[in-house]
Amino acid sequence: MNKPLITIQAITPDGEFAASYSENGLAELSFPKARRIASLPAKNDIVPARIRAWHRVTETALKSVLAGRAPKIFPPLDLVGTDFQKTVWNALREIPAGKTSSYGEIARAIGKPKAVRAVGGACGANPIPVLVPCHRVLAADGRIGGFSGGLAWKRTLLASEGVEV
DNA sequence: CATCAAAAACTCC
DNA sequence: GGAGTTTTTGATG
């Protein structure tokens with residue numbers, strides 16, 4: 001039984017992302033779909049003021065990342081997951097823009113060097129791509145690995161940060 | 001509720 | 001190409 005989320009489109013040069021908010025902050029972010037999202041529940045009238053404020057920040061942060069820069073400010077993130085996942089996501093957010101890491105490096109950074117495969121799993125479970133830069137994580141030998149939103153997006157995001165794969 | 005088995009966006013030999 | 005490590009998730013008793 002999840003709390004209802006309010007979904008709003010975030011317009012960027014790369015398409016219309018869908019941002020979902022809970023009462024506590026940004027809970028989910030999804031890549032633009034080919035077709036428009038059916039029946040947007042949120043009209044401006046029923047969106048609480050604080051969520052509109054968060055959304056403004058989200059959109060700005062999103063554009064920054066898409067332009068290859070680290071956002072100055074983040075909206076509050078309402079990350080739901082296991083302790084392990086939250087630890088991984090936190091480590092991901094410390095990767096500077098334009099740099100890449102590997103699953104092994106993340107595993108070492110959180111003190112569990114052998115848990116590389118589990119790290120991959122946690123990345124796949126990341127509900128907020130782009131702002132939690134799971135796209136900057138490559139496999140140990142430079143392979144691209146995988147990506148929830150599709151590998152095309154991973155390449156696009158890396159390219160916008162000037163990273164060669 | 002406890003336990004078992006299988007899978008995963010990996011890495012190393 | 002195959003084995004190894006960690007965590008999550010779903011089935012089973």
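Chain letters run A, B, ... following the sequence lines, proteins first and then strands; every chain starts at 1.
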Mind checking [X] for me? I need base, sugar-phosphate or nothing, with any heavy atom below 4.0 Å counting as a touch.
{"X": "A:A115", "value": "sugar-phosphate"}
{"X": "A:S148", "value": "base"}
{"X": "A:G121", "value": "nothing"}
{"X": "A:F84", "value": "sugar-phosphate"}

Is any side-chain heavy atom of [X] less than 4.5 Å from a side-chain heavy atom of [Y]?
{"X": "A:I106", "Y": "A:I95", "answer": "yes"}
{"X": "A:H135", "Y": "A:W153", "answer": "no"}
{"X": "A:L66", "Y": "A:S160", "answer": "no"}

Output the single nucleotide from [options] whose closest atom is nearest the side chain of [X].
{"X": "A:T82", "options": "C:dT8, C:dT7, B:dA9", "value": "C:dT8"}
{"X": "A:Q85", "options": "B:dA9, B:dT11, C:dT8", "value": "C:dT8"}
{"X": "A:R117", "options": "C:dG4, B:dT11, B:dA9", "value": "C:dG4"}
{"X": "A:K112", "options": "C:dT7, B:dA9, B:dT11", "value": "C:dT7"}

What integer distance in Å separates [X]:[atom1] from [N]:[atom2]?
{"X": "A:E105", "N": "B:dC12", "atom1": "CD", "atom2": "P", "answer": "11 Å"}
{"X": "A:K86", "N": "C:dT8", "atom1": "NZ", "atom2": "P", "answer": "11 Å"}
{"X": "A:W153", "N": "B:dA9", "atom1": "CH2", "atom2": "C1'", "answer": "18 Å"}
{"X": "A:Y103", "N": "C:dG4", "atom1": "OH", "atom2": "P", "answer": "24 Å"}

Next item on the list: Sort out the partner of C:dT5 for me: Watson-Crick or G-U wobble, both distances under 3.5 Å, none otherwise.
Entry: none
Item checked: Pairing partner of B:dA9 (Watson-Crick or G-U wobble, both distances under 3.5 Å) -> none
Next item on the list: Would you indicate whether A:K86, at its atom NZ, is surrounded by more than 12 heavy atoms from other residues, nucleotides or ligands within a distance under 6.0 Å?
Entry: yes
Check: Hey, is the main chain of A:L138 close enough, under 3.5 Å, to the side chain of A:K154 for a donor-acceptor pair?
Finding: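 No; zero donor-acceptor contacts below 3.5 Å.
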Margin query: Both A:N126 and A:R108 contact DNA chain B. Taking the nearest nucleotide for each, which residue is further toward the 5' end?
Written below: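 This one resolves to A:N126.
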Next item on the list: Would you please confirm or rule out a distance under 4.0 Å between OP1 or OP2 of C:dT7 and any side-chain N or O of A:K114?
Entry: no
